[in-house]
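Data first, discussion second: the structure below is written as structure tokens.
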Amino acid sequence: MSSRRRGLLFIVSAPSGAGKTTLVEHLVQILPHLRMSSSSTSRAARPGERDGIDYHFISRSQFEDMITAGAFLEWADVFGNLYGTAAADTAALMATGQDVVMVIDVQGARQVKAHGIDHTSIFVLPPSFPVLERRLRGRSKDTEEQMQRRLATARAEVPSYVEYDYVVVNDQLEPTVVRLQEIIAAERSRTHRMRVTAEEILASFQR
Ligand code: 5GP
């Protein structure tokens, strides 16, 4: 039945280090019909990252050509690198009835909203600034200057939570994944989205 409706679009944003990618990776493993959209970036691949899986790694000039061609649903300059979601990739997934989750920054989320595209947005907050800093320092190979930039960006981004439909605090992985699942289940169950299914059931009452 779900294959007959157009997929839903979810946006997950969070400051760097809040754990959004890990959360969404768990989520798409658990939930059928939910896929993570693929992003393109002009930044170099980090060790272990694979082209076409983690990102489509393209040159800055290729990226700029795609912007000019209007190929991106949204794009942003994050830490001096360009990141974007190709409109065609997301549309193809949604047309098959898959729900799509985009893990994008605050600037990108604003663009999706400005386009008037139907979506549900979720902001992931870390439990506190010290916890975020500890997580970032724990996993990072950044220089101190890069670290200070990430922390400053996080400080600037967190007040944007008010622009989102839902807020989730990522204190522990498993309960936070459950919370995200609950949000998605609730959005899928909205009356206007259940209409086709409900009308099919109602039709059986006519016989
Ligand atoms: P990283 O370089 O650590 O993989 O990602 C840095 C930031 O870029 C993250 O905050 C992430 O949410 C954001 N990002 C990744 N892909 C996209 C995208 O397609 N669009 C936008 N707007 N931001 C993205």
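Please read these numbers as outputs of a predicted model, since none were measured by experiment. Remember, it's 1-based here, ligands and their atoms both numbered in the order they're listed. We're numbering straight along the sequence, starting at 1.
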Polar side-chain atom of [X] near backbone of [Y] as donor-acceptor pair, under 3.5 Å:
{"X": "S42", "Y": "L82", "answer": "yes"}
{"X": "H56", "Y": "S38", "answer": "no"}
{"X": "E74", "Y": "T85", "answer": "yes"}
{"X": "D171", "Y": "P127", "answer": "no"}
{"X": "K113", "Y": "E163", "answer": "yes"}
{"X": "S13", "Y": "I104", "answer": "yes"}

Check each atom of ligand 1 against the heavy atoms of [X] and keep those under 4.0 Å away; list them by number with element.
{"X": "E74", "value": "18 (C), 19 (O), 20 (N), 21 (C), 22 (N)"}
{"X": "K20", "value": "9 (C), 10 (O), 12 (O)"}
{"X": "G108", "value": "22 (N)"}
{"X": "A76", "value": "22 (N)"}
{"X": "T85", "value": "19 (O)"}

Please state which protein non-hydrogen atom is closest to [atom] and give its distance, to 0.1 Å?
{"atom": "atom 23 (N) of ligand 1", "result": "D105 N, 3.2 Å"}
{"atom": "atom 6 (C) of ligand 1", "result": "Y83 OH, 3.6 Å"}
{"atom": "atom 5 (O) of ligand 1", "result": "Y55 OH, 3.4 Å"}
{"atom": "atom 19 (O) of ligand 1", "result": "S39 OG, 2.7 Å"}
{"atom": "atom 3 (O) of ligand 1", "result": "R46 NH2, 3.2 Å"}

Under-4.0 Å salt bridge between E145 and R149:
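The answer is no: the pair does not qualify as a salt bridge.
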Ionic contact status for R193 with D118, cut-off 4.0 Å:
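Yes.
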Is there any N or O on [X] that sits under 3.5 Å from an N or O of ligand 1?
{"X": "E49", "result": "no"}
{"X": "W75", "result": "no"}
{"X": "R150", "result": "no"}
{"X": "S40", "result": "no"}

Look up atom CD in Q181 and atom OG1 in T176, then write down how far apart they are to the nearest 0.5 Å.
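These two atoms lie 11.5 Å from each other.
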Within less than 4.0 angstrom of ligand 1, does [X] place any heavy atom?
{"X": "Q107", "value": "no"}
{"X": "M102", "value": "no"}
{"X": "G84", "value": "yes"}

Out of T90, V78, V103, who gets a non-hydrogen atom closest to atom 7 (C) of ligand 1?
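It is V78 whose heavy atom sits nearest to atom 7 (C) of ligand 1.
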Taking atom types as modelled and ignoring hydrogens, do the side chains of Q148 and E144 form a donor-acceptor contact shorter than 3.5 angstrom?
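Side chains of Q148 and E144: pair found under 3.5 Å.
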For a salt bridge (Lys or Arg N to Asp or Glu O under 4.0 Å) check, start with the C-alpha distance between E133 and R150, then their side-chain angles and the critical distance, and finish with the verdict.
CA-CA 9 Å; E133 181 168 12; R150 275 186 199 278; over 6 Å; no
